[in-house]
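See structure below.
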2 protein chains.
Amino acid sequence: MSTKPDATGRTIDRSDQLDIIVDRRLRHDGQRYTTQRRALIDVLAEADAPLTLPQLLERSAGLAQSSAYRNLAVLERAGVVHRIVTSDDHARWELTEDLTEHHHHLICRGCGDVTDFTVPTDIERRLDDALADAASVAGFDATHHRLDLVGLCSRCQ
Amino acid sequence: MSTKPDATGRTIDRSDQLDIIVDRRLRHDGQRYTTQRRALIDVLAEADAPLTLPQLLERSAGLAQSSAYRNLAVLERAGVVHRIVTSDDHARWELTEDLTEHHHHLICRGCGDVTDFTVPTDIERRLDDALADAASVAGFDATHHRLDLVGLCSRCQ
DNA sequence: CTCAGTGCAAAGGATTTGCATGCCG
DNA sequence: CGGCATGCAAATCCTTTGCACTGAG
């Protein structure tokens, strides 16, 4: 796990920083940062892809399905996780982009798996400009864009 | 409705051409181009946005819900319609891009409505190149990309 | 005649909700 | 103590499926 010294010279690792931010956002929403919510955040932080509910449950033992759904909803309202849907049966959750970094998704038509990827910054910037134009023409107030690549992953080809 | 003369000088309008293509693709799949399927195609061709099942039903009276679902599945397998899911309750269907033109979606977080938009060709081209690179790095066999702008439409702001 | 297409009703399945209990603050 | 968090089971709701009937070729 990556570490870096803070202003006072102490060492803080990324998961501690994440914890602090999540805690703050939950409190701001009048919610507690419970054990179960921490477990969900931990699993999502370690995954390099958005996870379905079954995947979340198998990676953090003993959570009731309904509670997981409820807690994911709470975390989403607090702005720390983001829910995405593909054409797959299950929705998937990932940490919000300000907690990770801007990225896109490779979506496999075969197994339904989703993995992250990024495109070069200069292209991203051009794209943003073009999208801002398009939104303004349509009188649309855009909060973010979503760019997916659909096809077959290496295993499914 | 736009028209253009064909090779023999006769005038064919776009919906006739569409009909011919859809018919051919359905036959190729061993399926018939029935009245109900034609109704669905007509409604989709007139809409400038992907439609949900309720929207499809109210725009083409008298179709049974289950038959509509079934026919949309047939039309999708034949490669003439495309099914998309947002975070909305319902899936949405639109004509495939080779029957319309490459476009993207404005997705409203408020009312769930989806409308089409395009970005300038040169940006689209750069984006394609970047995506091809990313796919190749990941060993991913990409068939198409999907670019959405998420936010609030003019009515929901 | 035959078989795909259709409508109705019932089944599926991911997600949500009601309710009683447990636990943190 | 009070109220939120949790687990279980039941309810929702979009979508799919079973089955009998109709209609096109």
Taking only N and O in the side chain of Gln36(A), is any of them less than 4.0 Å away from OP1 or OP2 of dA5(D)? no
Quick one: which of Asn71(B), Val22(B), Asp42(B) gives a side chain to side chain contact (heavy atoms under 4.5 Å, CB included) with Arg37(B)? Asn71(B)
To the nearest Å, how far apart are Gln31(B) CD and dA24(D) C1'? 14 Å
I need the CG-P distance between Leu26(A) and dC24(C), as an integer number of Å. 17 Å
A cation-pi test, strictly: NZ or CZ of Arg38(B) under 6.0 Å from the centre of the six-membered ring of Tyr33(B) and no more than 45 degrees from its axis. Yes or no? yes
Starting from C1' on dT6(C), measure out to CG on Leu72(B) and report it in whole angstrom. 14 Å
If we count only N and O atoms by modelled type, under 3.5 Å, do the side chains of His82(A) and Glu94(A) hold a donor and an acceptor together? no
Kindly point out which of dT17(D), dG18(C), dG5(C) is positioned nearest to the side chain of Arg70(A)? dG18(C)
Quick one: label Gln65(A) by what it contacts on the DNA or RNA (base, sugar-phosphate, nothing), any heavy atom closer than 4.0 Å. base
Would you indicate which nucleotide in dT6(C), dG7(D), dT15(C) comes nearest to any side-chain atom of His90(A)? dT15(C)
Among the candidates dT6(C), dT15(C), dT6(D), find the nucleotide nearest to the side-chain atoms of Thr34(B). dT6(C)
Under 4.5 Å between side-chain heavy atoms, hopping through other hydrophobics if needed: is there a path connecting Leu44(B) to Tyr69(B)? yes
Looking across every strand, which nucleic acid part, if any, lies under 4.0 Å from Ala91(A) by heavy atom: base, sugar-phosphate, or nothing? sugar-phosphate
Gly62(A) near the nucleic acid: base, sugar-phosphate alone, or nothing, with a heavy-atom cut-off under 4.0 Å? sugar-phosphate
Pairwise 5' ranking along DNA chain C for Ser66(B) and Pro54(A), keeping only the more 5' one: Ser66(B)
Take the protein atom OH of Tyr69(A) and the nucleotide atom P of dA14(C), then report the distance between them rounded to whole Å. 7 Å
Look at Asn71(B) and dT6(C) and indicate whether a side-chain polar atom (N or O) is within less than 4.0 Å of OP1 or OP2. yes
Does Ser67(A) have a side-chain nitrogen or oxygen under 4.0 Å from the phosphate oxygens OP1 or OP2 of dG7(D)? yes
Separation of dC14(D) atom P from Asp88(B) atom CG, nearest Å, is 10 Å
Take atom CG of Leu53(A) and atom C1' of dA14(C), then tell me their distance rounded to the nearest Å. 9 Å
In terms of side-chain heavy atoms of Arg37(B), which of dT6(C), dA14(C), dG7(D) is nearest? dT6(C)
Arg155(B) and Asp113(B) ion-paired at < 4.0 Å: yes
Roughly, in whole Å, what's the span from CZ in Arg83(A) to P in dT16(C)? 5 Å
Euclidean distance, atom CZ of residue Arg27(B) to atom P of dG5(C) [Å, nearest integer]: 12 Å
